[in-house]
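To find a chain, count down the sequence lines: A is the first, B the second, and so on, and within it residues start at 1.
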Amino acid sequence: MRRGKIAWVWLLGITLPCLLMMGCGKRVTRVEAGDQTQVYHRGNGADPSDLDPQLITGDIEHHIVSSLLEGLVAEDPKDLHPVPGVAERWEISEDGKTYTFYLRKNARWSNGDAVTADDFYKSYQRILSPGLGSEYNYMLFVVENAEEFNTEKVKDFKQVGFQVIDPYTFQVKLKNSTPYFLSLITHPSWYPVHMPTILKFGKMDERGTRWTRPGNFVGNGAFRLSEWKVNNVLVVTNSPTYWDAKVVRLKEIRFYPTDNQDAEERSFRAGQLHSTYEVPLTKIEVYKKQYPDLIHIDPLLSTYFYRVNVKKPPMDNLKLRKALAMAIDRELIVEKIRRGGELPAYNLTPPGTAGYTARAQIKKDFAGAKKLLAEAGYPDGKGCPPIEILINTHEAHKTIAEAIQSMWKENLGLEVTIANQEWKVYLDTQKRIDYQVCRAGWSGDYVDPNSFLDLFLTGGGNNETGWSNKEYDNLIAEAGRTGDQQKRMEVFQKAEAILMDELPIIPIYFYTRPVLRQPSLKGYYPNILDLHPFKWVYLESTPGKKE
Amino acid sequence: MLRYIAKRLLGMIPVLLIISSLTFFMIHKAPGGPFSKDKQVSPEVLKNIEKHYWLDRPIPVQYLHYMGNVLKGDLGPSFKYPSRTVNELIADSFPVSLELGCYALLFAMFVGVILGSLASLRPNTIFDYAPMSLSMIGICAPTFVIGPILVLVFGNYFKWFNTGGWDSARDKVLPVITLGLYYCAYIARLSRGGMLEIMNQDFIRTARAKGASTFRVIVLHAMRGGVLPVVSFLGPAAAGIITGSFVVEKIFRIPGLGRFFVESAFGRDYTMMMGTVLFYAFFVILFNLVVDVVQTWLNPKITIDS
Amino acid sequence: MATPLLQVDDLAVSFHTRNGIVRAVRNISFQVNRGETLGIVGESGSGKSVCCYSLLRLLPMPPGRIESGKAIFDGSMDLLSASIRDLNKVRGKRISMIFQDPMTSLNPYLKVGQQIMEPLLIHGSTTKAAARAQAIEMLKSVGIHDGEQRMEAYPHQFSGGMRQRVMIAMALITKPDLLIADEPTTALDVTVQAQILELIKKMQGELGTAVIFISHDMGVVAGFCDRVNVMYAGKIVESAGTQKIFEEPQHPYNKALQKSIPSLQQKGKELFTIEGLPPDLAGDLRGCPFAPRCAYAVDYCRRDPVELLETRPGHYSACLRVQRKEITLQS
C-alpha cells in the first residue's frame with residue numbers, strides 16, 4: 001500500500017513537468033520575429049563547402065556567394081536580364097567581340113577599398129591559373145586566349161583578352177561574338193575577389209586557404225559574411241559599404257543547411273524557415289490542396305533524362321533506342337508520379353531557353369514503337385537481351401525507373417531490370433560508360449541552349465554515352481561563331497534534331513522546383529536559374545492574416 | 001590500477017594502426033573519388049586538384065605521407081570543406097555530438113533507471129506493464145520514425161520545442177529524447193530485471209529487518225547491484241550513442257560529428273573519413289576502458305589485477 | 001505475572017499464488033517472555049520461518065498475506081497492524097534477526113563496517129564516529145579482533161562462520177529486546193555451528209535478550225532453548241519446556257523428530273526417517289494433519305477437528321489420542 005503511494009509520486013514527478021510545459025503555450029516563431037526585424041531564415045539545401053567564388057561548384061554556394069559579391073553586371077530580380085552591377089554602363093563593339101565596362105566610382109570592398117578594374121583583372125588571372133584548379137574556369141573560355149592560358153599554351157597573362165584601360169575602365173576581348181556574354185558574366189566565376197585578402201592567407205592560386213572564413217572574407221556585395229558554422233548556419237548581414245546599400249532592406253540572411261527534405265518541411269511548418277530548398281514529393285499534393293499560398297512550383301532550367309550506351313549491343317541499335325524513347329508515357333510520369341508540375345520532355349533543352357524551343361520532338365507512339373522494335377529484330381521483344389537501367393540509390397529515381405520498366409515491358413514486351421548504385425559508384429560507372437541505360441539530370445549553367453547541347457560533343461567530359469557525330473560537333477561549333485541570335489538558334493535547332501534522331505539520350509521530363517515560401521517573403525520572383533538577388537528581397541507580414 | 005590503465009592505453013596503438021591502415025586502403029579502393037561529380041570536371045583541372053591533395057602519387061606514398069602527418073597530429077585538409085582542416089571540423093563538431101550524446105545518455109539513465117526500478121517494485125501490475133510496454137515501443141521503433149513523430153507532436157502541433165538546430169535549450173530537447181529513447185527503454189528493462197533480482201535477494205530482507213526505509217533499501221542496498229547490468233551496458237551504449245547520432249543529427253539539423261562520419265563516406269572525403277574513423281576508434285576504445293574501471297569500482301568482487 | 005515480551009494470537013499467513021491459496025501458518029498463538037529462549041522446531045515447510053518473518057512483515061507481499069492475528073510487542077504495539085514507519089522503528093532496534101544463510105544475507109556491494117553500523121545510524125542518536133567505535137567493539141565481542149581492518153572489507157572476503165559472526169554483531173549492536181534467529185547454524189560446518197551457538201548464548205547472557213530460535217534440528221534445540229514449540233503443517237502441535245518436550249513427548253510427531261536426531265542413534269544403524277510427506281497446504285485439512293504419517297493414527301484422527309490443549313501442567317499437545325489419554329508416548 002505504502003509502496004503504491006511512492007509509485008504514484010514518481011509517476012507524477014515525471015508527468016507534471018510535461019504538463020507544466022503545456023502552459024507555456026504560444027510564442028513568437030522565428031519567422032514572425034524575422035518579419036519584424038528583416039531577418040530572412042532560408043533553407044538552403046546541402047551544407048555549403050566553400051565560399052571562394054572561383055572554386056565553388058553548386059547552386060547552394062552560389063546563392064550565398066551572390067549575396068557577398070557582385071560582378072560587373074548583375075541580374076534583374078524578375079527575369080534575370082543583365083542590369084548594371086559594379087559596371088554602371090558598358091559598350092559593345094560592332095563585331096560583338098569587345099566589351100568595355102565603365103566601373104562606378106563608389107563601388108567599395110567591405111574593408112573600404114575601392115573596387116577597380118585591376119581587381120577584376122587579377123581575379124580573372126587567378127581563376128585561369130592552372131594551379132588553382134577551378135572547375136568552372138571554362139566559363140571564361142569565351143575570352144581570347146583564356147583557355148590557352150589555362151592549359152599553359154600561352155604563358156603570359158597579358159596575351160589574354162583582359163585589359164585595364166584605367167582604374168575604372170575594363171575591357172574584355174572575346175574569341176567570337178558571344179551574344180549571351182552579359183548573361184554569362186553574372187555567374188560567380190566572373191565575380192571579383194579581393195586579392196590582398198587572398199594573398200594574406202596564402203598564394204594567389206592556392207586552394208582552400210582561410211580567406212573565406214568569417215572575419216577574413218572581404219567582398220563587394222550587398223551583404224557581408226558574419227558567421228559560418230559548418231552544418232549549422234551561415235549568416236550574412238547587410239553591408240554599409242555596398243554602393244547601393246540604401247535599396248537593401250534585409251538586415252540579415254541566415255542560410256540553414258537543410259539536406260533532409262522532411263526535416264526542412266517540418267521546420268517550415270513550425271515557423272522556423274521563410275523558404276525551403278525543396279518540398280518532399282509526398283507533401284506537394286497536400287500543400288497544393290490545403291495551403292496553395294505557401295507552395296510555389298518554380299520553373300527550372302533542368303532536364304531529367306536517361307543516358308544510353310550507344311557502343312554496347314543491343315543499345316547500339318538505333319531502332320531499339322527509338323522504340324524505347326517512344327514507348328514511355330511521360331505524361332503519366334509527371335502527373336501520377338512526380339506531381340510537382342513538371343513538363344514531359346520530348347527533347348533535351350527546356351522549352352523557352354533564351355527564346356529557344358526545340359522543334360525536333362520524340363513522338364509518343366506505342367504502336368510505332370512496337371513496329372520499330374520488330375524492325376530492330378526483336379518482334380514483341382523476342383530475342384532482345386534484358387535491359388538494365390542504372391540509377392543512383394534514391395527513392396524518387398527508383399519509382400520512375402519502375403514506371404519505365406513496366407512501360408517497356410507492357411508496350412514492347414522487353415525484359416527490364418533496375419540496378420542501383422551508391423552515388424559515387426554510380427558516377428564512376430557512368431563515367432566509364434559501363435552501363436546500358438543510365439539515369440541522369442542536367443541543369444543549365446546559363447540561359448542558353450548551348451549549356452545543354454554542348455554536352456554531347458564528341459569526347460565531351462559530360463557526354464558519357466559514347467555517342468559521336470561529326471555533323472553535330474560542327475553545328476555546335478558553328479553556333480559558337482554565329483553572332484546573329486536568330487541564325488544561331490536555327491543552328492541549335494538542327495543540332496538538337498540530330499540528337500533527337502540518334503537518341504544517345506532519352507529525355508523524360510523537365511524539372512521544376514517546388515518550394516515552400518512564407519507570404520511575407522517579398523521581392524522574390526521565380527525564375528529558371530533559381531536566382532534571387534537578395535538586395536531586392538524584403539520581408540513584410542500581411543497584417544490581419546496572422547495574429 | 002594505474003599500471004593497468006597504462007597497459008590498456010598502450011594496447012590502443014596497434015589497434016589504431018591496424019584500423020587506420022585498413023581504412024586507408026579500403027577507401028582508396030572504393031570506386032568514385034572525392035572530386036567525381038555529375039558535372040564532369042575537365043581532366044586538366046582534375047589533375048591540378050589531385051596534385052594539390054597528393055592524390056596523384058602512388059597509394060603507398062600517400063599512405064606514408066598521411067600517417068606521417070597523423071603522427072604529428074595533423075589529419076589533413078577536408079576535401080568537402082577546402083578551407084577547413086579535419087582537425088578543425090572534428091574540434092568544432094565533436095563537442096556537439098558529445099553534448100548531445102551525454103544528454104541523451106543522462107536522460108536514458110535517469111528515466112530508464114527510475115522507470116525500471118519503479119516497474120520492479122510492483123512486478124506484474126500496471127506500474128510494471130505500462131512502462132515496460134512503452135519501453136518495448138522505444139526499443140522497436142527506429143530513430144527515424146520516433147524523431148519525426150516527436151517533431152510533429154511537440155514541434156509542429158504544440159510548438160513547445162524547435163524542430164531543428166542546436167543553439168537554445170528548445171532546440172535540444174527533442175533530439176536528446178529521440179537519441180536517448182532506445183537506450184532509455186533498454187536501460188529500463190535492464191534495471192527492472194536487475195532490480196527484481198536484487199530485491200529478491202536475502203540481503204535486501206536483512207536491510208529491511210534492520211529497519212531501513214523503502215527508499216534507503218532501494219537506493220543504498222538495491223540500486224548498486226541492480227544497476228550493474230546497466231553499467232556494463234553503458235560502454236556499448238555510450239559508444240553507440242555518440243557514434244550513432246548520424247540519423248538524429250540529420251533529422252534535427254545538428255552540427256555534430258556523426259554527420260561527417262557518414263557523409264564523408266558518401267562524399268569520398270578521404271581525409272575526413274580517416275579522421276572520423278581514427279577519432280571514433282580512439283574514443284570507443286577509451287570508453288570501454290572507462291567502463292571497465294567504473295565497473296570494478298561498483299562491484300567489489302571484480303578486481304583488475306587478476 | 002508481567003506481560004510477555006511478545007504475545008502472538010491467532011496468527012494466520014497465506015500465500016496467494018496462481019495455483020491457489022497456500023495457508024502456510026494456520027491460526028497459531030504463542031508467547032515469548034523477556035530474556036527467555038523459545039525454540040520453534042519443525043520440518044521444512046512447517047511454517048516456522050514464515051511465522052517469524054511475518055512478525056516483522058518481511059514476507060514478500062504479494063504473494064504473502066497476513067490473514068488474521070495480532071502480535072503484541074512489549075504489551076503495547078501490534079506488529080502486524082502498525083504502520084511501516086512505526087514498524088521500522090522497532091525493526092533492527094528492538095527486534096533483530098539473524099538469517100539462515102550468511103553467504104547471501106550480507107550485502108555484497110557494501111563494506112562490512114557500513115552494514116554493521118547501519119542499524120545504529122538508521123535508528124539515529126549516534127554519530128558516525130561513535131557508531132564506528134561501537135561496531136568495532138561489537139566485532140570484538142563476537143570474536144573478530146582485527147575489527148579495525150575488517151570494517152573496510154567486503155563480505156566476500158569473509159568465511160561463512162565469520163559472516164554469521166558479523167550478522168550477529170549487526171543484529172545485536174542495538175541491544176534489542178528480541179532476537180529472531182532463523183536457523184542460524186544450518187548453513188555452517190558442524191564445528192562452526194557449535195561456536196556460533198555458544199556465541200549467541202554468550203551474547204544473550206550479556207544483553208538479556210530474548211531469542212526465538214528456529215531450527216529443524218531437535219538436537220540443537222535441546223541444548224539451547226528454554227521452551228520449545230513444535231510446528232507441523234502450519235500449526236503448533238506441541239509446546240512445553242525443553243526438558244518436558246524431550247522427556248515426556250505428548251505428540252507422535254515430536255517423538256518422531258527426536259528419533260531422527262543422528263547423534264542419539266547408535267553407530268551403524270540406519271537413519272530414522274519419518275515416512276511420507278507433509279500435507280499439501282493448499283487446501284483445507286480435515287482431522288489431524290499428521291495422521292497420514294502417524295503410527296498411532298486411528299479413524300477419528302483423520303476426521304475430528306484438532307486443537308492445542310494442555311495435556312499436562314504447562315505442556316500443550318494437539319494429539320487427539322494423547323488428549324483422550326488413549327496412548328502415552330515414551331522418549
A side-chain contact here means heavy atoms from C-beta on lying under 4.5 Å apart; do [X] and [Y] qualify?
X	Y	result
B/T163	A/R269	no
A/Y426	B/P31	no
A/D47	B/K80	yes
B/Y81	A/D50	no

Is the side chain of [X] donor-acceptor paired with the backbone N or O of [Y] at a distance under 3.5 Å, no angle test?
X	Y	result
A/N231	B/R259	no
B/N48	A/P130	yes
A/R213	B/S83	yes
B/K39	A/S443	yes

Could you look at [X] and say if it's the side chain, the backbone, both or neither that has a heavy atom under 4.5 Å from chain A?
X	result
B/Y53	side chain
B/E263	side chain
B/A265	backbone
B/L89	side chain
B/D167	side chain
B/F79	neither
B/P34	backbone

Chain B heavy atoms under 4.5 Å from [X]: which part of the residue, side chain, backbone, both or neither?
X	result
A/T212	side chain
A/N137	side chain
A/S134	backbone
A/W442	side chain
A/Q272	side chain
A/Q421	neither
A/D262	neither
A/R30	side chain
A/F201	neither

### Query
Among all residues two or more places apart in sequence or in another chain, which pass the salt bridge (Lys or Arg N to Asp or Glu O under 4.0 Å) test with B/E99?
B/K172
### side-chain contact (heavy atoms from CB on, under 4.5 Å) evaluation trace for A/Y138 with B/V45
CA-CA 10 Å; A/Y138 67 85; B/V45 170; over 6 Å; no
#### Entry: B/D92/A/K229 under salt bridge (Lys or Arg N to Asp or Glu O under 4.0 Å): CA gap, chis, key distance, verdict
CA-CA 9 Å; B/D92 283 351; A/K229 294 196 214 147; over 6 Å; no
### Query
Between A/E135 and B/K37, is a salt bridge (Lys or Arg N to Asp or Glu O under 4.0 Å) present by the stated rule, with each step listed?
CA-CA 11 Å; A/E135 294 173 37; B/K37 305 214 163 108; 2.8 Å; yes
### Task
Could you check which of B/G164, B/P77, B/P148 has the highest count of heavy-atom pairs closer than 4.5 Å to chain A?
B/P148
### Message
Counting heavy-atom pairs closer than 4.5 Å to chain A, which one of B/V151, B/N162, B/T125 comes out on top?
### Response
B/N162
### Message
One pair to check against side-chain contact (heavy atoms from CB on, under 4.5 Å): B/I251 and A/R266. What are the steps and the verdict?
### Response
CA-CA 10 Å; B/I251 292 174; A/R266 290 191 292 267; 3.4 Å; yes
### Message
Out of A/E422, A/E206, A/R210, return the one with the most heavy atom pairs under 4.5 angstrom to chain B.
### Response
A/E422
### Query
Using a cut-off of under 4.5 Å for heavy-atom pairs, which of A/D259, A/L51, A/N150, A/V233 has the most such pairs with chain B?
A/D259
### From CZ (B/F144) to CG (A/N260), nearest 0.5 Å
12.0 Å
### Query
Roughly how far, to the nearest 0.5 Å, is the CZ atom of B/F35 from the CG atom of A/L427?
14.0 Å
### Query
For A/K283, does the NZ atom have more than 12 heavy-atom neighbours from other residues, nucleotides or ligands under 6.0 Å away?
yes
### Task
Evaluate whether atom CE of A/M204 has more than 12 neighbouring non-hydrogen atoms of other residues, nucleotides or ligands under 6.0 angstrom away.
yes
### Message
Checking B/K51 now: which residues fulfil side chain to side chain donor-acceptor pair (under 3.5 Å) with it, not counting sequence neighbours?
### Response
none
### Task
Go through the steps to decide whether B/S36 and A/K424 satisfy the test side-chain contact (heavy atoms from CB on, under 4.5 Å), and finish with yes or no.
CA-CA 7 Å; B/S36 55; A/K424 291 276 183 177; 3.4 Å; yes
### Message
Check for me whether B/R268 meets the cation-pi criterion with A/W423, that is, NZ or CZ under 6.0 Å from the six-membered ring centre and within 45 degrees of the ring axis.
### Response
no
### Task
Under the side-chain contact (heavy atoms from CB on, under 4.5 Å) rule, what do A/L132 and B/H52 come out as? Steps first, then yes or no, please.
CA-CA 9 Å; A/L132 186 68; B/H52 178 83; over 6 Å; no
### Message
On a heavy-atom basis, which atom in A/A270 and which in B/G155 lie closest, and how many Å separate them?
### Response
CB-O, 4.0 Å
